[in-house]
Colleague: 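Can you read through this structure? Questions will come right after.
For clarity, every value in this text was computed on a predicted model and none was experimentally measured. Residue numbers start from 1 in every chain, and the chains themselves are labelled A, B, ... in the order their sequence lines are given, proteins ahead of strands.
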There are 2 protein chains.
Amino acid sequence: MNIGDVAERSGLPAKTIRYYEDIGFIKPRRSLNGYRHFDEKELHKLAFIGRARSLGFTIEDCRSLLALYEDKERASADVKDIAKQNLKEIDAKIADLKAMHATLSHLIDECAGDHRPDCPILKNLGQT
Amino acid sequence: MNIGDVAERSGLPAKTIRYYEDIGFIKPRRSLNGYRHFDEKELHKLAFIGRARSLGFTIEDCRSLLALYEDKERASADVKDIAKQNLKEIDAKIADLKAMHATLSHLIDECAGDHRPDCPILKNLGQT
DNA sequence: CTTGACCTTCCACTTGCTGGAACCCTTATG
DNA sequence: CATAAGGGTTCCAGCAAGTGGAAGGTCAAG
């Protein structure tokens, strides 16, 4: 497979795949013409990374998960720890966003939103 | 005020304040020794930006909000539009994070988390 | 006089890509 | 055979929104 096929099958842009090679996730062989040549295993690995990324795992998380994935001896507890840590971060982000939501929607409700210059949103932001 | 005082009173790191000068939010005068010299107005502006940023407004949003803030003729509707757009983005982020949360906590629940190598989290990520 | 706390500038790095330029390779068509 | 389209390659730059650090100037106290 060339990079375009892998891009299509993994759902990742070709640029991203080259980037993932740069940072050492994959090491595809090269054809005589210099093109990257991917096998199923690498496609699989890229798809794995793509799914992990879409679940909010960082690149470094992916590195750990991949290592665990390829280590037949690893304990599921190690993986669970990473996932749990990730879940905690997700929870924190949700809490933050909810607080923002509350403040902002309160301000929006109070704002007349007409042509008059009086605006509680700016008033609030400007409070020293 | 020197930058340290402003940093303390605004809650922004000095580095960030210099950065905000770089991108044109403020133009503090300089003392003879080259130190930045801030007045209350600039402190106020920085605090305004800090609050807006903590509500999730981007730097570009802040630029618009500041312009509106300093324009006595502006209609509150303009401000409300920016805030509403922001709220929409917050909602979308919350929805995304909730979806991640659901998937991940489901996987975590299914994972034994012991020393055995069988792990549903990796199994799921590896599904081609 | 020296120490330590400030301040200055500038450059590099972060995260996770993305865009573009300039160029090479392959295949199909006029 | 020329050429054009549509792959591929490299490298360089940039995004947001700062953060870290080096190298150096300034100021007040002991």
Colleague: Using salt bridge (charged side-chain N to carboxylate O under 4.0 Å, His left out) as the criterion, list what pairs up with R36(A), not counting sequence neighbours.
Modeller: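 Partners of R36(A) by the salt bridge (charged side-chain N to carboxylate O under 4.0 Å, His left out) criterion, ordered by chain and then number, come out as E21(A).
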Colleague: Looking at every non-hydrogen atom in both residues, tell me the closest pair between I3(B) and A14(B) and how far apart they are.
Modeller: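 Heavy atoms of I3(B) and A14(B) come nearest at CD1-O, 3.6 Å.
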Colleague: So, do H44(A) and Y69(A) sit near enough that their side-chain heavy atoms are less than 4.5 Å apart?
Modeller: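 The answer is yes, as the side chains (C-beta and beyond) meet within the 4.5 Å cut-off.
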Colleague: For D81(B), what residues pass the side chain to side chain contact (heavy atoms under 4.5 Å, CB included) criterion, not counting sequence neighbours?
Modeller: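 With neighbours one apart ignored, the set is empty.
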Colleague: Can you name the residues that form a side chain to side chain contact (heavy atoms under 4.5 Å, CB included) with S64(B), not counting sequence neighbours?
Modeller: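 Per chain and number, S64(B) pairs via side chain to side chain contact (heavy atoms under 4.5 Å, CB included) with I82(B).
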Colleague: Within the 4.0 Å limit for protein heavy atoms, which parts of nucleotides 13-24 of chain D are touched? Write it as a string from 5' to 3', B for base, S for sugar-phosphate only, - for none.
Modeller: ----BBSBB---
Colleague: Check the distance between dC11(D)'s C1' and E21(A)'s CD and give it to me in whole angstrom.
Modeller: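 Going from E21(A) (CD) to dC11(D) (C1'), I get 14 Å.
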Colleague: OP1 or OP2 of dT10(D) less than 4.0 angstrom from a side-chain nitrogen or oxygen of R30(A), does that happen here?
Modeller: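 Yes, because at least one side-chain N or O of R30(A) sits under 4.0 Å from OP1 or OP2 of dT10(D).
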Colleague: Where along residues 87-95 of chain B does a heavy atom fall under 4.0 Å from DNA chain C?
Modeller: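 Going residue by residue through residues 87-95 of chain B, none turns out to have a heavy atom under 4.0 Å of DNA chain C.
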Colleague: At under 4.0 Å, does any side-chain N or O of N33(B) touch on OP1 or OP2 of dT8(C)?
Modeller: no
Colleague: Under the rule for ring pair (Phe, Tyr, Trp, His ring centres under 6.0 Å), what residues qualify as partners of Y20(A), not counting sequence neighbours?
Modeller: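 Once residues adjacent in sequence are excluded, the partners of Y20(A) under the ring pair (Phe, Tyr, Trp, His ring centres under 6.0 Å) criterion are F25(A).
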Colleague: Please report the distance, rounded to the nearest Å, between CG in L32(A) and P in dC24(C).
Modeller: 18 Å
Colleague: Can you confirm whether V6(A) sits close enough to E42(A) that some side-chain heavy atom of one is under 4.5 Å from a side-chain heavy atom of the other?
Modeller: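 Answer no - side chains too far apart.
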Colleague: With a 4.5 Å limit on heavy-atom distance, are the side chains of I26(A) and I17(A) in contact?
Modeller: yes
Colleague: So, using side chain to side chain contact (heavy atoms under 4.5 Å, CB included) as the criterion, who are the partners of R29(B) when residues are at least two apart?
Modeller: none
Colleague: Quick one: side chain to side chain contact (heavy atoms under 4.5 Å, CB included) partners of T58(B), sequence neighbours excluded?
Modeller: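 Here the qualifying residues are E60(B), D61(B).
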Colleague: Angle between the two end axes of the helix from dC1(C)-dG30(D) to dG30(C)-dC1(D), five base pairs per end, rounded to 10 degrees?
Modeller: 30°
Colleague: I23(A) CD1 to dT18(C) P: how many Å, rounded?
Modeller: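 Atom CD1 in I23(A) sits about 12 Å away from atom P in dT18(C).
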Colleague: Donor-acceptor pairs are to be reported for all side-chain atoms of residues 85-94 of chain A against protein atoms at under 3.5 Å, with residues two or more places apart or in another chain.
Modeller:
| unit_1 | atom_1 | unit_2 | atom_2 | d |
| --- | --- | --- | --- | --- |
| Q85(A) | NE2 | E89(A) | OE2 | 3.2 |
| N86(A) | ND2 | G56(A) | O | 3.3 |
| D91(A) | OD1 | H101(B) | ND1 | 2.8 |

Colleague: Can you measure D22(A) atom CG to dT15(C) atom C1' for me and round it to whole angstrom units?
Modeller: 14 Å
Colleague: When you group the ILVMFWY residues by side-chain heavy-atom contacts below 4.5 Å and let the links chain together, are Y35(B) and Y19(B) in the same group?
Modeller: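 Hydrophobic grouping puts Y19(B) apart from Y35(B).
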Colleague: Test of understanding: with salt bridge (charged side-chain N to carboxylate O under 4.0 Å, His left out), list the residues that count as partners of K45(B), not counting sequence neighbours.
Modeller: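 Per chain and number, K45(B) pairs via salt bridge (charged side-chain N to carboxylate O under 4.0 Å, His left out) with E70(B).
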Colleague: Summarise protein proximity over nucleotides 1-7 of chain C in one line of letters, 5' to 3': B for base, S for sugar-phosphate only, - for none, counting protein heavy atoms closer than 4.0 Å.
Modeller: -----BS
